[in-house]
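Worksheet: one structure, shown below.
Sequence lines set the chain letters: A, B, ... in the order given, protein chains first and strands last, and positions in each chain run from 1.
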Amino acid sequence: MLDLFMTIFFMIIKVIGITLILLLLPVPLTWLERKVAGHIQQRLGPMRVGWHGLLQPIADGIKLLTKEDNIPIYADKTLFKLAPIISLIPPFLVFVAVPFGEDVTLFGRKTGLYISDMNIGLLYIFAVAGLEVYGVILGGWASNSKYALLGGLRCCAQLISYEIPLGFSVMGVIMLTGSMSLLDIVEAQSQIWNVVYQPIGFFVFLVAGIAEAQRIPFDLAEAEGDLGSGYHTEYSGMRFAFFMLTEYIVMLTVSVLIVLLFFGGWNGPFLPPIVWFILKVGFFVYLFMWFRFTFPRYRYDQLMSIGWKVLLPLSLANILITGIFLA
Amino acid sequence: MSIWLLLLIPLIATTTITLITRRHKDLSSYISIGAVVLCFIISIKPILYFLRNPHAEPLEQSFTWLNIPGLYVEIGTLLDPLSVLMLFIVTFVGSLIHIYSRGYMHGDPGYSRFFACLSLFIFAMLGIVLANNFIQMFIFWELVGLASYLLIGYYFEKPSAADAAKKAFLVNRVGDFGFILGIFVIFYATGTFNFLAIEKQIEAGNVGDWTLLLAALLIFCGVVGKSAQFPLHVWLPDAMEGPTPVSALIHAATMVAAGVYLLARTAFLYHAAPPEAAMVVAYIGGFTALLAATIALAQSDIKRVIAYSTLASLGYMVMAMGVGGVSAGMLYLTTHAFFKALLFLAAGSVIHALHTNDIWKMGGLYRKMKITGSTFGIGALAMIGVFPFSGFFAKDEILVATLASGNYVLFIGGIITAFLIAIFMSKLVFVTFFGEERYEGHPHESPPVMTVPLIILAFFAAVSGFVALPGLEPNFSTYIDGHVEGGEGGHFVAILSTLVVLAGILVAWLIYQRGFVRAEVIANHCHPLYRVLENRFYIDDFYDRVIVERIYNGIGRAFNFTEIHIIIGFFVNGSAFITREIGKALRLLTTGRLQEYALLMVGGVVILLFFFIFG
Amino acid sequence: MITLYHYLVLSCILFAIGVAGVLLRRNILIVLMSLELVFNSVNISLAAFSHFLQSMAGKVFVVFTITVAAAEVAVGLAILVVIFRQKKTVYVEDLSEMRH
Amino acid sequence: MVEAIAFYVFGGLSVLTALLVIFQRDPVRSAIYLVACFIQVAALFVLLRSPFLAAVQVFVYVGAVVVLFLFVIMVLELKKERFSEYIHRGQRPWALFIIPALIGEVGYLAVKGKSKASLGPYSEEFLVKQGSTESLGKVLFTKYIFPFEVVSLLLLVALMGAIILTMKRGKE
């Protein structure tokens, strides 16, 4: 009985912990992004609120909270309210299957730094990550505005298109490991990182991942130049913040997955595993920000043809090559 | 394994040409030539094997095609001296004809189609040669018919060519009908299609005399059709409508040889059957030879004369088979393949130069076309059977075998035939290549791609007879039969036939070269006979008037009546009427609304389930 | 205790709902969605059979069904889009050209 | 016990959402309830010890099929239908008669029907030991490899067909 209780207790602790981390992490990340942007563009970025603008995200948060919650008259009100929440759920669900490290001992009990280790882990992750598109498409539809609808449709097409190479690019890793469990995959990389065997897979995953996170150069859904601001044009206040939150968490998810799948997870010498993990994830998060301020945005048709005509064949070729080498 | 390649390569070649390279004429021809030459190279190995071990057991490979209770059909190959010999003839002569065709057909719009058909022909013929059972042989037998149809009707825009193709096809069908009945009789009696198994059964005496007689005669029907024996010989002269290389292929290496090959393959049947069967074969053969040689005297189309000479040769071969001289017949087949191919190709060379078939519009060509002329001469000498050319040995063997079997009538017929052949062949040479020049235009020698095959064939036509020299070991007949045939009266026959032949040449020389008696004078003197000969004994007319017009058209009218009044009037229109009326009623249900259909469907399911549960 | 029959009855009810959607709705999109419901009900019964009869065949067929359903939706929606371009309607009963 | 509760919750929800799918006037909402229904079915698959099927269900149906529906709805800009016309009136009396009959009959067969099938080798212990996904994969790629290939070909053809159908043909 106690055992069951303890299991449930640990489960709750872990769920709360991960939720908190995911909800709070974007706060420093927004600051970081603005700082990176500033320095790349040879300016300082936020400096006024707190030391070097450290408190800027909090000020932003207060501002977003106190803004007027504006719902357009012709909007579908239920869906309009539902969409941001729907978009926020899938990234959280993804982390059910994502491990952060090896087993640790807490209060005299061994427990894993993950919520659930499924034997279909990766499949689950991709299945759940695919749901992200609903928030976008419903948000775009519910706003009842041309810009939002077009943004939503574009984004929907983009997400669906890039999900395919994303899924295929991981096949090589699954074939190498023989398991879809992320724990097994990380364990298999304790000697050599998968990126050595799977450079094409990594490349495809990285590019498709950026697209899935709707970051520049693939942020066609937003495209403030031609679409106002994409599917969340009509959103303001906290609802808008939810979409922003989603974007950061997805970026985080992609970075974590890249690290777990291709860069050995928490494996590394000298430093404790969790530090390695944070370092690697941090690097990729930084990489995403760097891209944002380095590359120009693609045109929409270019985006689609990259997805279908470059990434998809590449990922298929990768599967083929891996198969040949394994056979 | 390599044996299967023999079938596979031409098949691949013909499909490739038909489906892929049809637009690339040169490529198509190279594929086709390459295929047949490759087949020749592949078949060298078994040829050498059987040359070294003439008494080796037949090699058989097969796999199951159909296996249902009571019927076992296999696809297989059978290699023994006989089939290897045919393999050599088909692939070797076939190769030369292919190469020659490249030059002869040059610039023809249907170049690729021609080569595709040639490859199909080779494929079908190799299938016959290699078959180890009747069913497979029959399939390829029909394929040969198809290929010949396509090739004879190659100039299908010409009505005469289309008619000739149709004629060849239909006449062959008549024979093939008998052939397949014969196959069924044999299957009924022995329960198998396999040659070797059938041979064992027959040797064991499991088959009754009458059954054997029936089977032998029915199978001979197939031979009569394919090898153009009387009374089904009418298609062969008309088959000249195809391009000349096709004639060479049909006459020399492939089609007509198939019938003789079938006789040799089933020789055991005729041995075991009552002697009447073999007699029928022999007399039909002998009669065909005599008939053809007579008709040939009065023909003036160069290809037609050669065609009738082929008929005569085929008669010889069939006669040899009938009197039990299998090896003699096969020897004639072999040598005939060379000299007949040679004659046709050389004639083709002449036609190529002059664009006419009429020998009276030629003459004195030897000065212009030395290679063609001399090779044609060699071919003619071989055909006539002058020592030491190959035809001499072959004809000699057949005549010896006939004499030995005691058929004096046939023997005398054979001698007369030889005399007639000598006359019209020499006539052909004298009129075409010597004497005054009656041609128009400026003939010139053909390109090397055509003359080289001629020279090669001429060489073989000249010397291939020596394989049958009595002293040789292994001799041709030991190779085929395993024993030497009786040489009784050998010298007598040899001398007699030589004398007869020389007499024939002399007669021809006197008439056509010296002008001792003008040809027209003879024609006028024996006017009725000449007319009869010119019209081929009115056999074709008989077929046209009686069979086609009376019987065929009568049946046609009967069928037409049935068709219009009973089938169309009652069944077709009646069923259409009923359908229309039902349709009128059902149209009310067809609303075009999807969901009503779905409703009906689900309703049907509900009703069915109701009966399923409570019924 | 949940048995095979519970699943079969559930599947039956879902099937009936799907059929009702196909029969009743005028919007062809909803008809297609109802078809998906029918597919799903069949999948449930297949998976249930597979589970309770301890066989793999049912699950294999679920995989096939899902694949075929995906194909069906792709083609069906493509046809729908083409029809809409031509006729500007999504009501099933407006599409009765096949009657003639 | 837990399983029974789960079954009734998921089953009941799936029936409810399915009903909502067919009785919504707004196609977008229909699609959303369809998603809900599919997720319930996925949960039922988990109850039936096939997590792989559940994942595929979510992946394909929720992640792709319904998104496609939504996409088409939005491209065609289909709005909420008027109350009076969203149901096919002429069909209603027939359907009201047929649907209950169908449920009754099939339900009767489901409960009373006697299965003569024998148990296969894939018991729960076996699946736990072997892994249900692995077992499925093995069967799929050995015994059912031919249908598998056929189905994949079918999918490919359907894909190309869909693309070609909707392609705008040049400037006519």
Below 4.5 Å from any heavy atom of chain C, which atoms of [X] appear? Answer side chain, backbone, both or neither.
X	answer
D:Ala4	both
D:Phe45	side chain
D:Phe71	neither
D:Phe69	both

Toward chain D, the part of [X] with a non-hydrogen atom under 4.5 Å:
X	answer
C:Leu14	side chain
C:Val90	side chain
C:Phe52	both
C:Ile30	side chain
C:Phe15	side chain

Among the listed options C:Leu80, C:Val82, C:Val9, the residue most often paired with chain D at heavy-atom distances under 4.5 Å: C:Val82
Residue pair D:Gln57, C:Asn43: steps toward the side chain to side chain donor-acceptor pair (under 3.5 Å) verdict: CA-CA 10 Å; D:Gln57 169 92 5; C:Asn43 282 353; 4.5 Å; no
Over all atoms of both residues, closest heavy-atom pair of C:Ala74 and D:Ala162: O-CB, 3.7 Å
Spacing of D:Ile99 atom CD1 and C:Ile13 atom CD1 [to the nearest 0.5 Å]: 12.5 Å
Set of residues satisfying side chain to side chain donor-acceptor pair (under 3.5 Å) with respect to D:Lys143, sequence neighbours excluded: none
Plane angle bin for C:His6 and D:Phe7 - parallel if under 30°, tilted between 30 and 60°, otherwise perpendicular: perpendicular
Atom pairs and distances, donor-acceptor, side-chain atoms in residues 10-26 of chain D, under 3.5 Å, two or more places apart:
{"unit_1": "D:Ser14", "atom_1": "OG", "unit_2": "D:Phe10", "atom_2": "O", "d": "3.4"}
{"unit_1": "D:Ser14", "atom_1": "OG", "unit_2": "D:Gly11", "atom_2": "O", "d": "2.6"}
{"unit_1": "D:Thr17", "atom_1": "OG1", "unit_2": "D:Leu13", "atom_2": "O", "d": "2.7"}
{"unit_1": "D:Thr17", "atom_1": "OG1", "unit_2": "D:Ser14", "atom_2": "O", "d": "3.0"}
{"unit_1": "D:Arg25", "atom_1": "NH1", "unit_2": "D:Glu81", "atom_2": "O", "d": "3.3"}
{"unit_1": "D:Asp26", "atom_1": "OD1", "unit_2": "D:Val28", "atom_2": "N", "d": "3.1"}

Worked verdict on D:Tyr61 versus C:Phe39 for ring-ring contact (aromatic ring centres under 6.0 Å, His included): CA-CA 11 Å; D:Tyr61 273 119; C:Phe39 272 118; 7.6 Å; no
